[in-house]
Amino acid sequence: MLLLRLTPTSGSIGNSHDRDWMRVSARSLPSCRYGCGRIANMTTTDPAVPGRSRVFSGIQPTSDSFHLGNYLGALRSWVDMQHTHDAVYCIVDLHAITISHDPKELHQRCRAAAAQLFAIGLDPEECTLFVQSQVPEHPMLSWMLECHTGFGEAGRMTQFKDKSSKNERVTVGLFTYPVLQAADVLLYQANEVPVGEDQRQHIELMRNLAQRFNATYGDTFTVPNAHIVKATGTVQDLAEPERKMSKSASSTAGIIDLLDQPNRIRKKIKSAVTDAGREIVYDVDNKPGVSNLLTIYSTLAGESVADLESRYEGKGYGDFKKDLAEVVADFCAPIAERTNEYLDDVTELDKMLAQGAQKAHAIAAETLANAYSRVGFRQPVYG
Ligand code: AQP
């Protein structure tokens, strides 16, 4: 049974489009605090699924390889949580066309993404992994949520502002990206969403949308929580430590790809920007470059930052970087090898993804059917 609790929050509605929209909603919501710019905060006290709590997360197939930021920020949690949660993971190819793309490349990158995810340790017996475009409920729910999202509310998303300033072609899809992301998660009644720090604002939006929909139509969606690992929530670019490691960076010099060759990894780490002084100490404000390298080292080697600081006391950046390069290269090499093995048999890989999509569809269809009847739609007719 799903128990829901209503409490006010401070989510302010600043834009006039939003305020108009909220006034309409408020009339049908006597039990919630609206009108003063507050929205209801609904938290689940029981998991949607008896037994294991559910997690959902997605990743875009927008490059040939995932990078260390993706891995340390999110994918590592995906692997861990498949053993403790009812885990549903998605390669979000619908999101990938919000920026320019090449159709053949996208098709191939979905397979490369799946191969890498299995290679880092996702197990189809332990979790559900599927490609978003194979489960049609995602855009269907997204439309419904778009019709409950304030224009100004969507416009405040910093990722949209950032990406729209970098791309010449700014689409409506890029604007509504976080609403599709909300649909992705809400379809599965997920309790937790393992992501990097950059996704915190999007999770907040999806929580607001779930609360708003529930308050308007009755309990329909579990309100999810972000699962962000503090230490690795943002992995910085090695060449520009003030920026997050990102596929869309202007140069690849500061990005460690999981599929990079060992020599390439060594070269990138050797050239990583360090800071003034010679001490290897963790100090994000004054030594962002070294602190980032220490985080990577500590997480991959399973050693505490304090132990690493002691080990490298009195030694220079050269020794530290040399050892770190070997740690990273040793970590990535077997992933690249296993990825290639999966890619050697794309028929089997496609079969695994189709099975994942069937499992995902069974959950998504149930949530969508419920949401459809709540808003007064007829049930969808498939096939
Ligand atoms: N630098 C990072 N540190 C920690 N976590 C990160 N994530 C991404 N970059 C970092 C997390 O990886 C997951 C997948 O993200 P995505 O599919 O949205 O990939 P992305 O955001 O497109 O990755 P990029 O590299 O940042 O691409 P661009 O440049 O296109 O935006 C998410 O959980 C994300 O938080």
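Counting convention: from 1, in listed order, for ligands and their atoms alike. All residue numbers refer to positions in the sequence shown, counting from 1.
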(message) Test of understanding: given a 4.0 Å heavy-atom threshold, classify the contact between Val195 and ligand 1 as side chain, backbone, both, or neither.
(response) both

(request) Please state whether His95 comes within less than 4.0 angstrom of ligand 1, counting heavy atoms only. (result) no

(request) Report the part of Glu197 (side chain from C-beta onward, or backbone N, CA, C, O) that has a heavy atom under 4.0 Å from ligand 1; answer both or neither where that applies. (result) neither

(message) Taking the ring centre of each residue, are Phe160 and His202 less than 6.0 Å apart?
(response) no

(request) Classify the ring geometry between Phe331 and Tyr71 as parallel (under 30°), tilted (30 to 60°) or perpendicular (over 60°). (result) tilted

(request) If you have a sec, work out which protein heavy atom is nearest atom 3 (N) of ligand 1 and how many Å separate them, to one decimal? (result) Val235 N, 2.8 Å

(request) Measure Gln236 to ligand 1 on non-hydrogen atoms and call it side chain, backbone, both or neither using the 4.0 Å cut-off. (result) neither

(request) Closest by any non-hydrogen atom to atom 13 (C) of ligand 1: pick that one out of Ser63, Ala74, Ala226. (result) Ala74

(request) Could you tell me whether some N/O pair between Lys247 and ligand 1 is separated by less than 3.5 angstrom? (result) yes

(request) Output yes when the distance from some N or O of ligand 1 to some N or O of His67 is under 3.5 Å, and no in every other case. (result) yes

(request) Show which atoms of ligand 1 fall inside a sub-4.0 Å distance from at least one heavy-atom site of Gly233. (result) 3 (N), 4 (C), 5 (N)

(request) Flag Gly58 as yes when one of its N or O atoms lies below 3.5 Å from any N or O atom of ligand 1, and as no otherwise. (result) no

(message) Using a 3.5 Å cut-off on N or O atoms only, is Ser246 in polar contact with ligand 1?
(response) yes

(message) So, regarding Lys244 and ligand 1 (criterion: nitrogen or oxygen to nitrogen or oxygen, under 3.5 Å), is there a contact or not?
(response) yes

(request) Considering only non-hydrogen protein atoms, determine which one is nearest to atom 30 (O) of ligand 1 and report residue, atom name and distance to 0.1 Å. (result) Lys163 NZ, 3.1 Å

(message) Check this for me - ligand 1, Ala249, N or O atoms closer than 3.5 angstrom, yes or no?
(response) no

(message) Taking distance alone, with N or O pairs closer than 3.5 Å, would you say Pro194 contacts ligand 1?
(response) no

(message) Taking ring-ring contact (aromatic ring centres under 6.0 Å, His included) as the definition, give me every residue that meets it alongside Phe56, ordered by chain and number, with sequence neighbours left out.
(response) Tyr188

(message) Give me the nearest non-hydrogen protein atom to atom 35 (O) of ligand 1 as residue plus atom name, then the distance to 0.1 Å.
(response) Asp198 OD1, 2.4 Å

(request) Below 4.0 angstrom from a heavy atom of Gly73, which ligand 1 atoms are there? Numbered from 1 as shown, please. (result) 4 (C), 5 (N)

(request) Say whether Gly196, considering both its backbone and side-chain N or O atoms, lies within less than 3.5 Å of an N or O atom on ligand 1. (result) yes

(message) List ligand 1 atoms under 4.0 Å from Gln199, heavy atoms only on the residue side.
(response) 35 (O)

(request) Check whether any N or O atom of Ser57, backbone or side chain, sits under 3.5 Å from an N or O atom of ligand 1, and answer yes or no. (result) no

(message) With heavy-atom distances below 4.5 Å as the criterion, would you say the side chains of Met206 and Phe221 are in contact?
(response) no

(message) Only heavy atoms of Thr234, strictly under 4.0 Å: list the atoms of ligand 1 that pass.
(response) 3 (N), 4 (C)

(request) Please state which part of Thr232 comes within less than 4.0 Å of ligand 1, counting heavy atoms only: side chain, backbone, both or neither. (result) backbone

